[in-house]
Structure formats: C-alpha cells, structure tokens
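All ligand and atom numbering here is 1-based and tracks the order in the structure. Just the heavy atoms: all of them, side chains too, but no hydrogens, waters or symmetry mates, feed the values below.
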Amino acid sequence: MRYVSTRGDAPILDFQAVTLAGLASDGGLYLPEAWPTLSREQIAGLQGLSYVDTAVEVMAPFVEGTLNRQELRDLCMQAYGRFSHAAVTPLVQLDGQHWLLELFHGPTLAFKDVALQFLGLLFERFLSGTDKHLTVVGATSGDTGSAAIDALAGRTGVDVFMLHPKGRVSDVQRRQMTTVLAPNIYNIAIDGSFDDAQALVKAMFNSPDFSGRFNLSAVNSINWARLMAQVVYYFYAAVRLGAPERPVAFSVPTGNFGDVFAGYVAAKMGLPIAKLIVATNVNDILHRALSEGDYSQGTVVPTPSPSMDIQVSSNFERLLFDLGGRDGVALSDQMRGFGSTKAMRLTNAQRAGSEPLFSSDRIDLDDMALAMRWASEDAGQVIDPHTAIALAAARRADVGDVPIVTLATAHPAKFRDAVERSTGARPALPKRIGDLFDREERYDSLPGTFEAVTAYIAERAVPREAG
Ligand SMILES: Cc1ncc(COP(=O)(O)O)c(C=O)c1O
Ligand SMILES: N[C@@H](CCOP(=O)(O)O)C(=O)O
C-alpha cells in the first residue's frame with residue numbers, strides 16, 4: 001500500500017515510512033492512495049471473529065508490503081492483550097435502537113488506547129535493529145497524551161514531548177500523564193488551548209530548521225496508523241448488529257475528526273453505514289462545517305467534555321481532500337486560505353459529497369447532562385460527558401429504524417466531577433489507577449510560544465546525527 005499527502009507535494013511513502021513520518025513534509029496528512037474494499041462475503045466472514053482476528057482482516061490491506069498477516073496478528077495479540085475486557089470493545093444495549101460501543105477498556109481508559117497500544121508496538125518494531133532515535137511531539141486535550149505515554153514509556157529509541165493545555169484537562173487525565181516518571185517522557189503544560197498546542201506541533205514539523213535537527217514523529221491522529229487501527233471497531237460492532245445485511249448508524253463524539261474519519265474509511269471499504277452522526281459540544285466548528293459549509297475557527301470555550309474543546313479539526317483536511325476529488329493543489333490553496341483568515345467555505349463538491357453519509361449536531365451542557373441522566377436512570381449505564389454528547393445526538397437523529405451505536409470514548413471515572421454534577425453519583429477510579437492520587441507528579445510549565453517549546457525540546461531531544 002502506498003500513501004499520498006493531502007497537499008500533493010510530499011513523497012509517496014509505504015506504511016512503515018508513513019508511520020514514522022507523522023505529518024507529511026508539505027504540511028499535509030497522509031492517506032492511502034486508494035481505498036481497499038472488503039466484499040459483502042468478506043464482511044459476512046467477520047461474524048464471530050475475535051477482535052484480534054477482525055483487526056487482521058481489516059488492517060491487512062493497509063500494511064501490505066510492510067507486515068505479513070502473521071506479523072500483524074502478533075502485534076494485535078500483544079496490543080489488545082492489555083485490554084481488561086475479553087471482547088476488547090464490547091457492545092452494550094441501551095434500548096431497542098441504541099447501543100454503546102465501549103472503547104475504554106485499555107490501560108488509560110479511553111478509546112485512544114485502541115490505536116496507541118498498537119502504534120507503540122509499530123514504533124518498536126520499525127526502530128529495532130536501527131540506530132534511529134525518534135522524537136515524538138504531541139498535543140493532547142487529555143486522552144491522547146496518557147495513551148501515548150503508556151504505550152511508549154520506557155521504550156528505547158524514542159522520547160515523547162507531550163503538550164497539554166494548562167488547567168484545561170481533568171485532574172485524572174493530567175495525573176495519568178504526569179505521574180509517569182520514565183526518563184523518555186516529558187510532559188509540558190502550556191498556556192493556551194489544545195488548538196494552540198496542536199498548532200505548535202504542526203509548526204515544529206513545518207519548520208525546516210527544527211524538523212531537520214530531529215527525527216520527529218507523531219502520535220496524534222495526524223499519524224495515519226492511528227486512524228487505521230480505529231477503523232477496526234466499526235467493522236467489529238457493525239457485524240455484531242447484522243452487517244452486511246443490516247446497515248448500522250454510528251454517533252461519534254468529535255473534536256479532531258479522527259475517530260469519525262475512521263468511520264468514513266470503514267464506509268469507503270464497503271461497510272454499510274447508514275449514517276455517521278458527528279456530535280460536537282459547543283465548540284462546534286465541525287457541526288457548522290457539515291450543516292452550513294462554514295468552517296471558521298471560533299474561540300475555544302472550556303467545557304465538561306474537555307477532550308473535545310477543539311476548534312481546528314486536523315483530520316477534516318483528509319475528508320475535504322477525498323471529497324474534493326483528491327486535488328492536492330486545490331486543497332493546499334483552501335488550507336492556506338484557512339491558515340491566514342481562520343475561515344473557509346466548503347466547496348459544493350465537498351458539501352454534496354458529505355451529505356449522504358454524515359449528519360451533525362451540537363450538544364449544549366443541558367442536553368449533555370440529560371443524556372447522562374437518561375443513560376444512568378433508564379438504561380443503567382454511567383457514561384462520561386464525551387459519550388453523553390454523542391448519545392444525545394444519537395437520540396435526536398433521524399436515521400430511521402437502523403441500530404445506532406454511540407461510541408463510548410472514555411471511562412466515566414476520568415471525568416468524575418462532571419459525572420457527579422449530572423447524575424449525583426461519583427464514579428470510582430478503576431483498580432488499575434486506584435492509587436493515581438498518591439503518585440508523584442512531574443511536568444514543566446511553559447508559555448505557549450514556538451520559541452519556548454522548541455528551546456525546551458532542543459535541550460533534551462536526541463539530534464538526528466546522533467540517531
Ligand atoms: C474521550 C474523547 N472523546 C472524543 C474525542 C474526539 O475524538 P476525535 O478527536 O478523534 O474526533 C476525544 C479526543 O479527541 C476524546 O478524548
Ligand atoms: N481529544 C484528543 C485531542 C487530540 O486528538 P488526536 O486524536 O488527534 O490525538 C486528546 O484527548 O488528546
């Protein structure tokens with residue numbers, strides 16, 4: 001499989017190179033040159049397979065030429081062996097139409113583990129036997145950070161510099177990152193929002209001076225391998241609910257558009273998805289983009305669903321590229337315009353292309369709280385605020401009588417205060433992080449400037465010539 005950049009001006013890479021590269025050298029994002037497809041028979045053949053075996057069937061075409069099926073299977077066994085549920089991502093029924101897909105049974109209790117446990121092993125494999133040293137730079141609104149840190153702490157050949165917006169992640173999220181004291185992990189709290197942190201990460205990749213000095217790599221969903229691993233659970237859930245005979249809708253709590261783009265990939269591969277419901281909190285750039293064609297960056301408002309407090313959604317670029325006829329030159333112009341004015345209109349082709357598959361909704365605080373209460377009182381499920389946003393959108397979506405799967409992206413204990421405020425019950429910390437508040441924390445605080453952050457990293461990272 002070969003990978004091309006959305007901006008059309010970066011080298012075409014194979015799976016190994018694309019995984020290690022992160023962002024493309026022209027500032028774009030990589031995606032497969034063509035979408036592989038699974039036939040109806042192949043999809044039907046997924047029924048009854050374990051999560052690991054499903055993962056092999058779904059991911060094999062993307063890693064072709066780099067990993068054989070046995071190698072892929074071994075990596076999946078190792079990655080998903082660390083999940084605390086035998087089904088890895090179990091489905092839970094809420095009522096006659098609604099289901100939760102629990103994606104939070106990994107080591108750090110959010111859906112990010114599904115991809116990052118796997119990505120950590122890919123890094124290890126691709127670096128082994130080389131003297132290459134990776135400098136991972138990442139931005140997190142709370143969950144990517146802890147999942148990446150868990151996956152990479154203590155590994156040789158890789159350092160992780162993780163930026164989070166100071167005071168804008170939950171205390172559990174922060175401690176899951178800052179209590180990991182491995183020498184290759186650097187947590188940095190910056191003044192600003194997640195968007196500021198993400199912009200700094202992209203600026204590091206786009207600075208020839210800085211990126212020329214280190215082997216930079218990414219763990220955010222700008223890295224294609226992250227999305228690829230997330231495609232699997234759409235197939236896993238849908239076949240359990242009757243695909244390919246019966247279409248299924250998914251409601252996805254959305255910030256950086258990574259998770260829902262993985263759903264789009266599943267649909268392109270042939271999975272009969274009736275609708276992808278893009279659910280945002282009041283930071284609603286994606287809802288405005290999909291419902292009105294208006295992709296303009298508002299000011300980020302802190303909410304009880306902090307991981308979705310995002311107003312520049314990296315992966316939306318991948319969708320715009322695919323819907324706009326894969327024209328890298330035109331997309332570069334469109335993105336350059338957005339870079340300078342912080343606003344853009346979707347083209348007619350992009351709007352028309354998105355309509356059959358996507359719908360969107362913006363959920364405010366009251367509706368989020370109502371969804372949490374409904375889940376708890378009527379369906380006996382305690383859910384986190386991000387999941388509640390998607391469930392609220394699912395319950396008022398108009399998709400006919402197909403089953404609707406709401407992606408449950410985080411364990412409620414990660415957001416104990418918000419859950420308690422809405423439901424009156426305070427979720428206990430699961431055993432695996434039971435002592436989180438007794439652990440020592442370590443992180444540095446920096447202003448959110450390119451100069452401050454790059455100076456910090458340059459002092460600590462391994463230069464390219466040394467590895
Ligand atoms: C718990 C949770 N839900 C939803 C999201 C949104 O996912 P995405 O950024 O892939 O749209 C995130 C973070 O991104 C998250 O951490
Ligand atoms: N919600 C994320 C934000 C980063 O998104 P990513 O999926 O691009 O890594 C987080 O929790 O960090």
**Q** In the protein, which heavy atom is nearest to atom 11 (O) of ligand 1, and how far is it?
**A**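 Among all protein heavy atoms, the one nearest atom 11 (O) of ligand 1 is Gly255 N, 2.8 Å.
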**Q** May I ask whether Lys414 places a heavy atom under 4.0 Å from ligand 1?
**A**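 It does not, in that no heavy atom of Lys414 comes within the 4.0 Å cut-off of ligand 1.
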**Q** To the nearest 0.5 angstrom, please state how far the OG atom of Ser445 sits from the NZ atom of Lys166.
**A** 3.0 Å
**Q** Thinking salt bridges, do Arg396 and Asp361 make one under a 4.0 Å N-O criterion?
**A** yes
**Q** Should you measure from each heavy atom of Ala410, which atoms of ligand 1 turn up under 4.0 Å away?
**A**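 Here the atoms of ligand 1 in question are 1 (C).
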**Q** With respect to Ser307, determine whether any N or O atom, backbone or side chain, lies less than 3.5 Å from an N or O atom of ligand 2.
**A** yes
**Q** Starting from atom 12 (O) of ligand 2, locate the nearest protein heavy atom and write down its residue, its atom name and how far away it is, to 0.1 Å.
**A** Thr140 OG1, 2.6 Å
**Q** Once the angle between the rings of Trp224 and Phe62 is folded into 0 to 90°, is it parallel (under 30°), tilted (30 to 60°) or perpendicular (over 60°)?
**A** tilted
**Q** Can an N or O of Phe257 be found at a distance shorter than 3.5 Å from an N or O of ligand 1?
**A**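 Yes, at least one N or O pair falls under 3.5 Å.
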**Q** Between Arg226 and ligand 2, which residue portion shows a heavy-atom distance shorter than 4.0 Å: side chain, backbone, both, or neither?
**A** side chain
**Q** Got the closest protein heavy atom to atom 4 (C) of ligand 1, with its distance?
**A** Pro253 O, 3.4 Å
**Q** Checking a contact table here: which protein heavy atom is nearest atom 8 (O) of ligand 2, and how many Å away?
**A**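 The protein heavy atom lying closest is Ser221 OG, 2.5 Å.
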**Q** Check for me whether Arg240 meets the cation-pi criterion with Tyr236, that is, NZ or CZ under 6.0 Å from the six-membered ring centre and within 45 degrees of the ring axis.
**A** yes
**Q** Go through ligand 2 atom by atom and flag the ones less than 4.0 Å from a non-hydrogen atom of Thr144.
**A** 2 (C), 4 (C), 5 (O), 6 (P), 7 (O), 9 (O), 10 (C), 11 (O), 12 (O)
**Q** Looking at atom 12 (C) of ligand 1, what's its closest protein heavy atom, distance included?
**A** Phe111 CE2, 3.6 Å
**Q** Which ligand 1 atoms does His386 reach within 4.0 Å, using its non-hydrogen atoms?
**A**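 Contacts of ligand 1 toward His386, numbered from 1: 1 (C), 2 (C), 3 (N).
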**Q** First locate atom CZ of Arg168, then atom CG of Asp191, and finally report the distance between them rounded to the nearest 0.5 Å.
**A**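 Rounded to the nearest 0.5 Å, the CZ-CG separation comes to 10.0 Å.
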**Q** With a 4.5 Å limit on heavy-atom distance, are the side chains of Thr280 and Ile389 in contact?
**A** no
**Q** Distance from Phe118 atom CZ to Leu75 atom CG, nearest 0.5 Å?
**A** 5.5 Å
**Q** Before you tell me yes or no, could you show the steps for Arg373 and Asp378 under salt bridge (Lys or Arg N to Asp or Glu O under 4.0 Å), namely the whole-Å CA-CA distance, both residues' side-chain angles and the distance that decides it to 0.1 Å?
**A** CA-CA 8 Å; Arg373 276 201 291 279; Asp378 290 35; over 6 Å; no
**Q** What protein heavy atom sits nearest atom 10 (O) of ligand 1, and how far off is it?
**A** Asp259 N, 2.8 Å
**Q** Between the main-chain N or O of His287 and the side-chain N or O of Ser291, is there a donor-acceptor pair closer than 3.5 Å?
**A** yes
**Q** With a 4.0 Å heavy-atom cut-off (strictly under), which part of Asp143 contacts ligand 1: side chain, backbone, both or neither?
**A** side chain
**Q** How far is atom 10 (C) of ligand 2 from its nearest protein heavy atom, and which residue and atom name does that atom have?
**A** Ser141 OG, 3.2 Å
**Q** Can an N or O of Asn256 be found at a distance shorter than 3.5 Å from an N or O of ligand 1?
**A** yes
**Q** Is the shortest side-chain N to carboxylate O distance from Arg318 to Asp322 below 4.0 Å?
**A**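 A salt bridge is absent here (no side-chain N lies under 4.0 Å from a carboxylate O).
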**Q** Determine whether any heavy atom of Thr254 lies closer than 4.0 Å to an atom of ligand 1.
**A**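 Right, Thr254 reaches ligand 1.
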**Q** Indicate yes or no: does an N/O atom of Lys112 lie under 3.5 Å from an N/O atom of ligand 1?
**A** yes
**Q** Is it the side chain (CB and beyond), the backbone, both or neither of Asn256 that lies under 4.0 Å from ligand 2, heavy atoms counted?
**A**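 The part of Asn256 near ligand 2 is the side chain, not the backbone.
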**Q** Considering heavy atoms of the protein only, find what lies nearest to atom 3 (N) of ligand 1 and give residue, atom and distance to 0.1 Å.
**A**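 Here the closest protein heavy atom is Thr409 OG1, 2.8 Å.
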**Q** Say whether, by atom type as modelled, one donor and one acceptor occur between the side chain of Glu420 and the main chain of Asp417 under 3.5 angstrom.
**A**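 Answer holds: no.
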**Q** I'd like to know whether the aromatic ring centres of His164 and Phe194 sit less than 6.0 Å apart in this structure.
**A**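 Judged by ring-centre distance (under 6.0 Å), His164 and Phe194 do not meet the cut-off.
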**Q** Does Gly258 reach ligand 2, in the sense of a heavy atom lying below 4.0 Å from it?
**A**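 Heavy atoms of Gly258 never come under 4.0 Å of ligand 2.
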**Q** With heavy-atom distances below 4.0 Å as the criterion, list the atoms of ligand 2 near Gly142.
**A**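 Matching atoms, with element in brackets: 10 (C), 11 (O), 12 (O).
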**Q** Which of the numbered atoms in ligand 1 are below 4.0 angstrom from a heavy atom of Gly258?
**A**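 Per the distance check, 8 (P), 10 (O), 11 (O).
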**Q** Using a 3.5 Å distance criterion without hydrogens, assess whether the side chain of Asp294 forms a donor-acceptor pair with backbone atoms of Arg288.
**A** no
**Q** Nearest 0.5 Å please: distance from the CZ atom of Phe111 over to the OG1 atom of Thr387.
**A**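 Spacing of CZ (Phe111) from OG1 (Thr387) equals 10.0 Å.
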**Q** List the closest protein heavy-atom neighbour of atom 11 (O) of ligand 2: residue, atom name, distance to the nearest 0.1 Å.
**A** Asp143 N, 2.7 Å
**Q** Any idea which atoms of ligand 2 are less than 4.0 Å away from a heavy-atom of Phe194?
**A** 3 (C), 4 (C)
**Q** Can you measure from CG (Asp284) to CD1 (Ile310) and round to the nearest 0.5 angstrom?
**A**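 Reported value, rounded in 0.5 Å steps: 13.5 Å.
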**Q** Answer yes when Arg82 and Asp150 have at least one side-chain N-carboxylate O distance shorter than 4.0 Å, and no when they do not.
**A**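 Asp150 and Arg82: salt-bridged.
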**Q** If we only count N/O pairs under 3.5 Å, is Gln198 in contact with ligand 2?
**A** no
**Q** For Gly255, state whether at least one heavy atom is located under 4.0 Å from any atom of ligand 2.
**A**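 Gly255: no contact with ligand 2 (<4.0 Å).
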